[in-house]
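What follows is one structure encoded as structure tokens, with my remarks underneath.
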Amino acid sequence: MSLQSFSKVQFDLLFENSRDLVYFMEKDGEDFRYIYLNKSSIEILSQKVVGKTIAEVMKPSDSETIAQNYHQAVVKKGQVSYQDYIYYLSEVKKYETTVIPIFDNNRTYVLAITKEIAFDRDLEDKYLFMRSVFFNSFLSTVLISNDGKLLEANPQFLEDFNLNIEEVRLKKLIDLPFISNQEQLEHYLNESFDGTHLTSKLLTFIDKNENSRSFTATFSPLIQLEKVAAVFIILQEVTQLIEQEKELRTTSMGLSNFQYAINSVAEIIIMDPNCRILNVNDRFIQQMGYVKEELIGNTLEIINSRTHSKEFFDNIFSILHKGEVWRGEICNQTKNGAPYWADTTIIPFFDEDGAIKQYINVYYDISEKKRMLTELQNIEHMFKLITENTNDMIVITNEDGIILYVSKAYTNKLGFDEGELLGKFYTDILSPESKVKWNEEFSVDSDGEDLKIELIHQSKSGENFWTECNYTIVKDFLRNKGIQIIMVAREINDRKAIENQLSFLAYHDSLTQLPNRRYLQNEFPSIIESSNSNSESLAVLYVDGDNFKKVNDQFGHKVGDEFIIQFGKALSRSVRGNDLVVRMGGDEFAIILTGLHQEKISRKQQVKQIVDRINQNLKRGWLISNQMFAPTASIGISFYPDHGVSLENLLSHSDMALYGVKTTSKNNYNIYSPELL
């Protein structure tokens with residue numbers, strides 16, 4: 001049946017009540033035109049889209065993605081699946097679409113079936129989340145490679161220092177013009193490259209207006225394969241606070257001026273030598289959720305979060321008792337129990353006799369920065385936890401296919417040590433056919449897509465096992481134009497065994513195990529193509545057992561079934577290795593003889609030899625339930641291309657030739673001729 005006669009009624013019978021979104025579309029140039037939609041897809045797009053193209057219905061970004069996947073299925077001439085996210089009715093949903101290309105004469109169609117699938121924040125989601133935190137922070141943030149080069153900077157950083165990311169990317173950070181203290185910065189970077197987390201380091205930079213600005217800097221190493229791959233720097237500006245501290249040291253108004261000056265930018269506590277609170281500013285009250293009366297007269301115990309040890313505080317006061325200023329990060333606690341991280345400066349003030357009279361604690365809120373750092377550490381920890389404990393096999397390679405990382409599940413399944421796999425080509429652990437499939441897969445540009453492929457892996461002991469691999473290609477931030485392939489594989493040996501069994505059952509006769517009519521229809525185009533390329537002919541033999549009905553009637557169906565099995569075996573023994581024996585139904589079989597001469601006399605002689613072997617093998621017969629059977633057969637023959645070029649014509653003409661034999665002599669063969677019409 002031509003697809004041009006495929007009606008809406010037929011489409012609805014198949015898909016009307018499906019909860020999946022189903023579209024039947026025709027290729028129209030570089031676009032695809034909607035022909036039929038089921039009820040679920042109409043609820044989203046409406047019936048009005050019928051007759052329109054994807055470009056006319058969808059946003060350009062969405063239509064390009066959809067059309068690209070449809071074209072990929074058409075080019076591959078095979079099924080393609082892809083996943084995407086859709087924002088529908090104020091909810092983000094994840095869908096997987098399967099695209100099946102259909103070719104009918106000169107027209108090309110696709111059947112697209114979209115299923116909603118559940119999703120978690122997987123590895124890619126976490127990576128994207130980290131980048132979202134990085135780029136949307138109001139703090140200046142920058143990512144530095146382990147050789148000191150600037151890899152990424154968020155918009156706030158670029159704005160602060162009037163930079164264009166494309167002009168400074170991959171340049172040494174300490175060589176950039178806004179760096180005013182190169183030696184100090186280089187020292188901190190070197191410590192971070194050794195794996196040390198640094199916090200509250202004071203740095204000075206020159207901004208776009210040539211002004212000197214002070215920042216507290218946190219250096220967080222990012223670990224990859226147990227080495228520091230890059231350092232994440234978070235800058236929090238304290239210029240105003242530093243200036244006000246300087247002013248305090250030069251003004252005779254002392255505490256009152258200092259309190260007034262920084263009251264709007266920092267939280268302040270004034271306490272006595274026993275850490276009893278004497279006064280607090282309004283910002284501290286707002287931040288901590290107390291009223292002033294609840295704080296004054298209490299010690300700092302009231303805001304102690306129990307995060308730090310006794311030794312931590314002993315160290316602070318050993319510095320303060322020497323008359324020195326202490327600076328660092330302290331986690332306090334608000335009235336409702338929430339943590340409040342602060343970049344803290346504690347300044348001792350002395351009376352006329354040189355004894356400490358008061359302390360001023362200046363708190364600068366860094367809770368957001370600590371939250372970001374905690375999130376980054378959690379992401380790193382979660383990645384390690386997932387990859388080291390999941391049963392799925394996870395591997396990361398570079399663009400050349402060299403393995404950069406393998407999970408424990410991979411090494412356990414393959415029987416290799418981690419050191420035996422790192423640095424090897426990924427294709428070294430694939431079967432020969434899967435190597436070819438893998439290389440063909442990456443000959444197509446698929447950057448940023450979530451893709452799926454089935455591969456056969458080979459263990460160290462030589463055992464083969466099937467895997468279903470989901471992979472994505474992402475940019476490698478450590479190399480400007482490099483990529484990484486992140487792949488999660490799962491063993492599917494049991495599923496493949498079932499698929500192979502189902503495939504065999506679909507294309508083979510359940511009684512004789514011979515190929516069936518569907519198998520013949522599927523393989524015949526390639527048989528014809530091979531015949532044409534070799535300038536050969538082929539023959540279609542329609543074979544019918546004589547008097548088979550008497551066997552069934554006299555001996556019963558059980559003997560009749562065994563008779564058919566033995567009949568098929570006799571035919572298979574009679575043909576050559578490149579010929580095909582097919583059970584058409586009942587006692588009817590078709591035989592495709594390939595590699596025949598085009599010259600008619602020679603070809604007829606070749607076919608006669610095979611027909612004679614068939615008769616000889618049938619004449620030898622076989623025993624069933626102590627009963628000897630030596631049947632005969634009638635055979636009708638048609639030749640390609642003399643009697644037709646399609647399977648239907650050749651079968652029809654050989655059937656006509658068979659009919660001529662059955663109505664005359666039986667136990668004979670006949671070659672089709674137009675006179676039989």
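By the 30° and 60° cut-offs, the orientation of the rings of Tyr188 relative to Phe219 is tilted. Using cut-offs of 30° and 60° for the angle between ring planes, the Tyr363 and Phe284 rings count as tilted. Using cut-offs of 30° and 60° for the angle between ring planes, the Phe178 and Phe205 rings count as tilted. Taking the six-membered ring where the residue is Trp, His321 and Phe317 present tilted rings, their angle falling between 30° and 60°.
Checked against side-chain hydrogen bond (donor to acceptor under 3.5 Å, both in side chains), Asn181 has the following partners two or more places apart in sequence or in another chain: Gln184. For Lys201, there are no salt bridge (charged side-chain N to carboxylate O under 4.0 Å, His left out) partners, not counting sequence neighbours. The salt bridge (charged side-chain N to carboxylate O under 4.0 Å, His left out) test applied to Lys322 returns no partner, not counting sequence neighbours. Qualifying side-chain contact (heavy atoms from CB on, under 4.5 Å) partners for Asp272, counting only residues two or more places apart in sequence or in other chains: Asn274, Arg276, Leu278. Legend: residues meeting side-chain contact (heavy atoms from CB on, under 4.5 Å) with Glu167, ordered by chain and number and at least two apart, are Asn164. Partners of Glu324 according to the salt bridge (charged side-chain N to carboxylate O under 4.0 Å, His left out) rule, which considers only residues two or more places apart in sequence or in another chain, do not exist here. Shown here are the salt bridge (charged side-chain N to carboxylate O under 4.0 Å, His left out) partners of Glu191, two or more places apart in sequence or in another chain: there are none. Contacts of Ser212 classified as side-chain hydrogen bond (donor to acceptor under 3.5 Å, both in side chains), with partners at least two apart in sequence or in another chain: none. In this structure Lys292 satisfies the side-chain contact (heavy atoms from CB on, under 4.5 Å) test together with Asn279, Val280, Ile285, Ile296, sequence neighbours excluded. Judged as a side-chain contact (heavy atoms from CB on, under 4.5 Å), and not counting sequence neighbours, the contacts of Lys357 are Asp351.
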If you apply the rule side chain to side chain contact (heavy atoms under 4.5 Å, CB included), what do you find for His187 with Asn190, and how did you get there? CA-CA 5 Å; His187 173 72; Asn190 288 335; 5.7 Å; no
Starting from the C-alpha separation in whole Å, work towards a yes-or-no answer on salt bridge (charged side-chain N to carboxylate O under 4.0 Å, His left out) for Lys172 and Glu186. CA-CA 10 Å; Lys172 288 277 191 179; Glu186 187 172 20; over 6 Å; no
Run the side chain to side chain contact (heavy atoms under 4.5 Å, CB included) test on Lys115 and Tyr95 for me, step by step, so that the C-alpha distance in whole Å, both residues' side-chain angles and the decisive distance to 0.1 Å come before the verdict. CA-CA 5 Å; Lys115 300 174 180 289; Tyr95 289 88; over 6 Å; no
Verdict with supporting geometry, Phe313 and Leu300, side chain to side chain contact (heavy atoms under 4.5 Å, CB included): CA-CA 11 Å; Phe313 291 109; Leu300 289 184; over 6 Å; no
Side chain to side chain contact (heavy atoms under 4.5 Å, CB included) between Phe157 and Ile234: does it pass, once the steps are laid out? CA-CA 10 Å; Phe157 186 90; Ile234 303 175; over 6 Å; no
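Annotation: side chain of Pro348 is in contact with side chain of Val325 (closest heavy-atom distance under 4.5 Å). A 4.5 Å side-chain heavy-atom check between Ile402 and Lys424 finds every atom pair outside the cut-off. In this structure, Ile366 and Glu329 have side chains that are in contact, with non-hydrogen atoms separated by less than 4.5 Å. Looking at heavy atoms from C-beta onward, Ile174 lies out of side-chain contact with Leu176 at the 4.5 angstrom threshold. Contact of the Leu143 side chain with the Leu151 side chain is registered, since non-hydrogen atoms from C-beta on lie closer than 4.5 Å. The side-chain heavy atoms of Lys171 and Leu150, taken from C-beta on, include no pair separated by under 4.5 Å. The side-chain heavy atoms of Glu237 and Arg213, taken from C-beta on, include a pair separated by under 4.5 Å. At a threshold of 4.5 Å between non-hydrogen side-chain atoms, the residues Ile429 and Leu414 count as touching.
Put simply, OG on Ser459 and OH on Tyr410 are 12.5 Å apart, with the number rounded to the nearest 0.5 Å. Note that CG of Leu295 and CD1 of Ile303 are 7.5 Å apart. Values are rounded to the nearest 0.5 Å. Here NZ of Lys413 is found 11.0 Å from NE2 of His457. Values are rounded to the nearest 0.5 Å. The distance from the CD atom of Gln156 to the OG atom of Ser140 is 5.0 Å, given to the nearest 0.5 Å. We find the CG-OH distance between Leu422 and Tyr405 to be 10.0 Å, quoted to the nearest 0.5 Å. For the atom pair Leu320 CG and Cys275 SG, the distance stands at 8.5 Å (nearest 0.5 Å).
Among all heavy-atom pairs drawn from Leu203 and Ala217, the shortest one is CD1-CB, 3.7 Å. In this structure, Ile403 and Thr397 approach most closely via the heavy-atom pair CA-CG2, 4.1 Å. Minimum interatomic distance between Ile330 and Ile316 (heavy atoms only, all atoms of both residues): CD1-CD1, 4.1 Å. The two residues Thr307 and Cys331 come nearest to each other via the heavy atoms OG1-SG, 3.7 Å. Residues Pro221 and Gly195 approach most closely at CG-C, 3.7 Å, considering heavy atoms. Nearest heavy-atom pair, Ser220 versus His197, reported as atom, atom and distance to 0.1 Å: CA-ND1, 3.9 Å.
At a cut-off of 3.5 Å, with distance as the only test, no side-chain donor of Glu267 or Tyr364 sits close to an acceptor on the other residue. Side-chain N/O atoms of Asn336 and Thr334 include a donor and acceptor closer than 3.5 Å. Looking only at atom types and distance, the side chain of Asn332 has no donor-acceptor partner in the side chain of Ser305 under 3.5 Å away.
Salt-bridge check for Arg490 with Glu468: failed, with every basic side-chain N at 4.0 Å or more from each acidic carboxylate O. With respect to Glu420 and Lys460, a salt bridge is recorded, a charged nitrogen being found less than 4.0 Å from a carboxylate O.
Identified under the salt bridge (Lys or Arg N to Asp or Glu O under 4.0 Å) test for residues 294-305, with sequence neighbours left out: Glu294-Lys335, Glu301-Arg306. The salt bridge (Lys or Arg N to Asp or Glu O under 4.0 Å) pairs that include a residue from residues 309-320 are Lys310-Asp314, where partners are two or more places apart or lie in different chains.
Within the 3.5 Å criterion, the main-chain N or O of Leu158 finds no donor-acceptor partner in the side chain of Asn162. Distance alone, capped at 3.5 Å, places no donor-acceptor pair between the Ser214 side chain and the Thr239 backbone. Side-chain atoms of Asp207 come within 3.5 Å of backbone N or O of Asn209 as a donor-acceptor pair. Put simply, the side chain of Asn154 gets close to the backbone of Thr141: a donor and an acceptor are under 3.5 Å apart.
The local environment of CZ in Phe312 is crowded, with over 12 non-hydrogen atoms from other residues, nucleotides or ligands closer than 6.0 Å.
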